[in-house]
Amino acid sequence: MNIASVDIGSNTVLLLIAKIENKNLIPLLNIYKSPRLGKDLIPGKKILDDRINNLLEILTLYKIKATKYNSQKILLKATNAMRIASNSDDICTLVKSKLDLDIEIIDGKTEAEFSFLGASSTFPQFDKKMVIDIGGGSTEIIYGNFKEIYFKHSFQTGVVSLTEKYFNIRPISQNDISKAEDFLNKLFIEFASNIPDNLNSIAVAGTPTTLSCIKQNLKDYNEKKVEGSFITLNELIQLKEKIAKILPDEMNANFGNVVEGRQDVLFAGILILESIMKLKKLDKIFVSGRGLRYGIIIDYINKLK
């Protein structure tokens with residue numbers, strides 16, 4: 001049985017098509033596009049028409065791909081942008097009428113659970129662990145093991161929202177960096193006492209996977225080299241200093257296709273990751289691309305048992 005899952009985020013929309021064999025997940029196809037639904041989005045306001053049209057085009061493509069791979073189920077989950085927009089129900093109705101696809105808008109805690117499931121699938125050797133999912137409009141932090149989640153929270157900041165708040169003017173100034181770092185430290189202090197220091201920790205989503213590619217000098221994404229890799233705190237700080245000096249329109253020339261759709265928001269992702277690593281005294285963090293869209297399918301499989 002083949003299943004497709006779609007993660008409709010604030011920055012990217014990601015497709016996974018996987019084969020389920022003996023209740024194991026075998027990836028067949030991964031695609032991501034960046035319609036950036038959360039750009040300039042204020043809670044309670046509407047996602048703009050051009051971004052909705054982009055979303056429709058992407059979902060049309062994804063449905064074609066899912067059909068080509070004989071997917072028996074297409075699971076669509078939407079996160080922060082759709083959670084806070086006033087016209088989310090209208091978008092869901094439009095997608096249903098145009099494509100006969102059902103979008104489920106999930107809350108932050110459910111998003112965290114799915115991300116934890118996805119990341120855990122790559123690291124069966126870790127029992128207790130922290131998972132960090134840096135999205136476009138929110139960041140999920142989860143602590144648990146294979147049997148139980150001890151702590152989970154969705155923080156209302158992500159790479160798009162942090163960029164719009166502090167880094168609209170380029171080149172980036174040290175003053176803006178300091179303001180952003182102060183904001184993040186105050187935001188994340190909430191979870192400091194809930195999670196042990198020096199815990200095996202996994203970062204999922206576009207920020208860590210892109211940074212892993214840059215660290216390894218990969219111009220195109222290579223899942224075999226990225227999945228299960230790690231980034232040290234010192235390496236992250238070096239990347240921060242390097243990327244702060246590069247303008248968004250120069251990112252592709254410097255780093256290749258791996259930064260596509262993230263040219264202007266990657267720096268914000270670095271700051272979020274650095275803040276969490278320093279707060280929890282992490283010397284290194286493991287990297288996984290198996291976040292929400294993997295967790296969606298794993299959760300579906302588990303419910304079939």
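Both backbone and side-chain heavy atoms feed into the values below; hydrogens, waters and symmetry mates do not.
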Going by atom type alone, with no hydrogens or angles, which donor-acceptor pairs under 3.5 Å involve a side-chain atom of residues 159-168 and a protein atom two or more places apart or on another chain?
{"unit_1": "Ser161", "atom_1": "OG", "unit_2": "Gly158", "atom_2": "N", "d": "2.8"}
{"unit_1": "Ser161", "atom_1": "OG", "unit_2": "Gly158", "atom_2": "O", "d": "3.3"}
{"unit_1": "Thr163", "atom_1": "OG1", "unit_2": "Val159", "atom_2": "O", "d": "2.6"}
{"unit_1": "Glu164", "atom_1": "OE1", "unit_2": "Asp40", "atom_2": "N", "d": "3.3"}
{"unit_1": "Glu164", "atom_1": "OE2", "unit_2": "Asp40", "atom_2": "N", "d": "2.6"}
{"unit_1": "Asn168", "atom_1": "ND2", "unit_2": "Glu164", "atom_2": "O", "d": "2.9"}

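- Between the CD1 atom of Ile84 and the OG1 atom of Thr79 there is a distance of 10.0 Å, given to the nearest 0.5 Å.
- A donor-acceptor pair shorter than 3.5 Å can be found between the side chains of Arg293 and Asn30.
- Between Asn2 atom CG and Leu28 atom CG the span is 5.5 Å, to the nearest 0.5 Å.
- Applying the side-chain contact (heavy atoms from CB on, under 4.5 Å) criterion to Asp107, with sequence neighbours excluded, gives Lys109, Thr110.
- For the atom pair CD1 of Ile142 and CE of Met130, the computed distance is 9.5 Å after rounding to the nearest 0.5 Å.
- Under a cut-off of 6.0 angstrom, the local environment of NZ in Lys45 is sparse, with at most 12 non-hydrogen atoms contributed by other residues, nucleotides or ligands.
- A donor-acceptor pair is defined here as one N or O able to donate and one able to accept, closer than 3.5 Å; such a pair exists between the side chain of Lys280 and the backbone of Ala192.
- Judged by distance alone, the side chain of Glu250 and the main-chain N or O of Leu247 form a donor-acceptor pair under 3.5 Å.
- Taking a 6.0 Å sphere around CZ of Phe183, one finds it holds more than 12 heavy atoms contributed by other residues, nucleotides or ligands.
- The side-chain hydrogen bond (donor to acceptor under 3.5 Å, both in side chains) analysis of residues 233-245, with sequence neighbours excluded, yields the pairs Glu181-Lys240, Lys215-Glu235, Thr232-Glu235, Lys240-Glu274.
- Taking 4.0 Å as the cut-off between side-chain N and carboxylate O, Lys77 and Asp299 do not count as a salt-bridged pair.
- Asp283 CG: 12 or fewer foreign heavy atoms inside a 6.0 Å radius.
- In this structure, Glu57 does not pair ionically with Lys33, as no charged nitrogen and carboxylate oxygen lie closer than 4.0 Å.
- Relative ring orientation between Tyr143 and Tyr150 is described as tilted, the plane-to-plane angle lying within the 30° to 60° band.
- By the 30° and 60° cut-offs, the orientation of the rings of Phe188 relative to Phe191 is perpendicular.
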